[in-house]
Amino acid sequence: MPLPFHSIYSHGFIRSAVCVPSLRVADPAYNMECTLRLARRASGHHAALVLFPELGFSAYTSEDLFHQDALLDAVRTKLKEFIDESRDLSPVLLVGAPLRFQGKLFNCALVIYQGKVLGIVPKTYLPNYREYYEKRQFVSARCALESTVRFQDQSVPFGNNLIFEAENLEGFSLHVEICEDVWVPISPSTYGALAGATVLANMSASNITVGKTDYRRMLCTSQSAKCISAYLYSAAGYGESTTDLAWDGYAMICENQFLLAETDRFQTEEQIIFADIDLERLLQDRMRTTSFQDSLMEHRERLAAMRRVPFEFNVPENMIPLERPVSRFPFVPDETSARDDRCYEVYNIQVQGLMKRMSAAGVKKVVIGVSGGLDSTQTLIVAAKTMDRLGLPRNHILGYTMPGFATSETTRSNAGRLMNALGVTAREIDIRPACRQVFKDIEHPFAEGEKVYDVTFENVQAGQRTAHLFRLANFRKAIVLGTGDLSELALGWSTYGVGDQMSHYNVNGSVPKTLIHHLIRWVAKTGQFSKETGAVLTAIAETEISPELVPDDHGDPAKPSQKTESAIGPYELQDFNLYYITRFGFRPSKVAFLSHYAWSDRNRGIWPEMLPKAQRHEYDMPAIKKWLGIFLYRFFKTSQFKRSALPNGPKVGSGGSLSPRGDWRAPSDSEATVWLEELRRNVPD
């Protein structure tokens, strides 16, 4: 039976949980009840995996009580009860306990699933410095003489080299380590990840000292990034002994450098956090990151010794909605300070790229076609800052407005105002006479007075503008700056060759439309230029996006007549599609699932505060499916030949460059059938 479309388990996610119980020292009965209560909560929330703190059945701070038979026997008794109770629970449970095997006492993590112990992982690195004296009570995993142990009438895999794999859920592969194991230069989880584990779990106690929380967070997020994995981290909380130490109960869930969830610190009540882990995203990144795979060769002998413990995971069959932040604007950070940092970096990458190109070309002037739209505006303000950095006057920027048959008064006025405010050299060239000559030469019906506004009618205007710009650059000893952005390149929304697809250098080539929109608002908001410039930038950001190539003989001449987004879809949706299709290679059904979660309810999630409320849209599934279909057809079927001949320009973000010399190499004559069919078959209307 197929899983519901609107379930995370249909799209390569699993729900994870980390629990911080309130324990009692040396009271296994009480601790088992706390652990079981939280495990049931996690099961009721359809978690696939639940992590508890180190030595949670006894409490970490039992010290020499660990050498008391009564405590060790009680732990085993309560573990048996817990394992029996786990039969009806949905998650894989990771609990900590002191266990004696082979005449030695080990600090252990038990991996339990529905009444069975899948394996036991002993701690490898025992800290014995400052406040830690673990070697007084325990021995390292390296002291184990056997790879299996007898526990609860089972023969159980034992060691720090175990990987637990769900055979029926691709990517659900688990490695477990304990506390200090991640603080060493090369942790056991590093080998686990190289051997294929996508989910790394650290069962920790970790007392708190001043400044330690930031380091723990950095350590775990960094480990998840280096290992291209999810990383779950627990810590002991209220109830541990405070004889000499304190405990803040800080736990977190990370995924490939991103912090998905964390607990509140210093709480007296038990806590549980959840996060949905994208296993497919991790697998995609590992497949693409060749250096990760190269690392395997350096450690082949160690990795060959890893042991795999297969199990059958009972995938929940009901609809389980996603519980994970999904940004509507994946190229634009949601958090204000991060967004400001992103805009600052993008802006300066563009400026630095242009500075180098002008220096290499031996030119001191640039030519820009200024339309009064978003893209040419971004190119113009990048050029202005570049001239400032190079110590050149801004009048070395030669800005040309080139009105055609559909140029509106709004964009024409904004272009002029912006160039005047920036102090660039502004000129206007009416391209209509030249276009009429072309129409006459090629015998186009428009030359005879017929209102035929076909693709040729549009491309003649775009071609004339570009031809003028290149000849002007020749004449003025300058280079032509391109204006087209990443979103237009993805959709093939440009005129090839002698058109807006071509330039000497394009600073916008890897910047998507939604990010350009925010960049312009950021430049205005942060006062990068004068107040007058800021006012014009704001006006441009609020103008309808249009190529202004086809006139509306009955419309308002002051406003753009064409609406780009009515033809190729809302850029905010298409940028979302672009990000997940090119950055991660997700199948269309997963992109639609994520898009619906992000865009179906305008009241869910965070909006960039610079975006006016009137522009905060929402889309239902039919709209999402329609525009995704258009994206797939245009991207995979009709527009690659334009991207294969891109001019130079700097790569800006990890989310995308479509340069054939950069992130994207593809044939110009491929088919879109498999993507369109997957969309049709697997996405509901």
Side-chain angles (χ1 to χ4, degrees), residues 11-14 16 163 165-166 169-175 177 182 185-202 217-233 252-260 275-304 306 308 324 326-327 330-331 333 342 345 349 486 490 510 512 576-587 590-591 594 635 643 650-666:
H11 301 284
F13 293 91
I14 62 166
S16 64
I163 295 179
E165 293 186 335
L169 189 57
E170 185 178 6
F172 186 11
S173 183
L174 169 69
H175 181 273
E177 63 186 4
V182 77
I186 303 177
S187 67
S189 64
T190 300
Y191 295 110
L194 290 173
T198 55
V199 182
L200 313 177
N202 186 299
R217 186 185 298 113
M218 178 197 68
L219 187 66
C220 294
T221 53
S222 175
Q223 183 69 357
S224 75
K226 291 193 303 177
C227 293
I228 313 179
S229 68
Y231 198 87
L232 281 62
Y233 181 88
M252 69 193 107
I253 302 173
C254 313
E255 180 187 295
N256 199 5
Q257 82 173 308
F258 295 105
L259 182 65
L260 299 182
D276 293 344
I277 295 169
D278 193 342
L279 299 176
E280 289 181 346
R281 184 169 178 167
L282 297 172
L283 292 174
Q284 270 280 351
D285 262 5
R286 285 187 178 182
M287 181 177 67
R288 293 163 183 253
T289 308
T290 55
S291 54
F292 182 89
Q293 306 303 333
D294 287 344
S295 299
L296 307 183
M297 307 304 293
E298 298 293 330
H299 305 281
R300 291 190 65 176
E301 184 176 347
R302 174 73 180 259
L303 299 179
M306 301 295 287
R308 301 181 189 280
R324 171 190 175 105
V326 178
S327 174
F331 294 102
R342 177 72 56 83
E345 284 190 325
I349 288 170
L486 182 70
S510 70
F576 190 96
N577 297 333
L578 169 65
Y579 180 80
Y580 286 104
I581 292 288
T582 61
R583 174 65 178 84
F584 297 108
F586 286 164
R587 61 184 63 87
K590 181 165 183 172
V591 177
L594 293 171
F635 184 81
R643 297 189 289 270
K651 178 179 176 180
V652 167
S654 62
S657 165
L658 296 177
S659 167
R661 302 166 296 277
D663 283 1
W664 188 257
R665 296 167 177 82

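Every value quoted in this text rests on a predicted model; they were computed, and no experiment measured them.
Heavy atoms only, all atoms of each residue included: Ser187 and Glu177 are closest at CB-OE1, 3.6 Å. Smallest separation of non-hydrogen atoms from Thr198 and Leu282: O-CD1, 3.7 Å. Arg286 and Ile228 get closest at one heavy-atom pair: NE-O, 3.0 Å. Across all non-hydrogen atoms, the minimal contact from Lys590 to His11 is NZ-O, 2.9 Å. Here the shortest heavy-atom pairing between Ser16 and Ile277 reads OG-CD1, 3.4 Å.
Checked by atom type and distance alone, the side chain of Ser327 never pairs as donor or acceptor with a backbone atom of Pro333 at under 3.5 Å. Remark: the backbone N or O of Leu219 is not paired with any side-chain donor or acceptor of Ser222 at under 3.5 angstrom.
Remark: Arg300 CZ is loosely packed, at most 12 non-hydrogen atoms of other residues, nucleotides or ligands lying under 6.0 Å away.
A distance of 7.0 Å separates CG of Leu169 from CD1 of Ile14, quoted to the nearest 0.5 Å. Rounded to the nearest 0.5 angstrom, Leu283 CG and Arg288 CZ are separated by 12.0 Å. The CG atom of Leu174 lies 10.0 Å from the CD atom of Glu165; values are rounded to the nearest 0.5 Å. Atom CD of Glu255 sits about 8.0 Å away from atom CG of Leu279, to the nearest 0.5 Å. Separating the CG atom in Asp278 from the CZ atom in Arg324 is a distance of 5.0 Å, to the nearest 0.5 Å.
Using a 30° and 60° split on the angle between ring planes, Phe331 and Tyr579 fall in the perpendicular class, above 60°.
Here the side chains of Val591 and Phe584 are not in contact, with every heavy-atom distance at 4.5 Å or above. Thr190 places a side-chain heavy atom less than 4.5 Å from the side chain of Cys227.
Judged by the 6.0 Å distance and 45° axis criteria, Arg643 is positioned over the aromatic ring of Phe635.
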Discussion item. Please evaluate residues Met252 and Tyr231 with respect to the criterion side chain to side chain contact (heavy atoms under 4.5 Å, CB included), reporting the C-alpha separation (whole Å), side-chain torsions for both, the decisive distance (0.1 Å), and the verdict.
Written reply: CA-CA 8 Å; Met252 69 193 107; Tyr231 198 87; over 6 Å; no
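Looking at Ser229 and Gln223, their side chains never bring a donor and an acceptor atom within 3.5 Å of each other.
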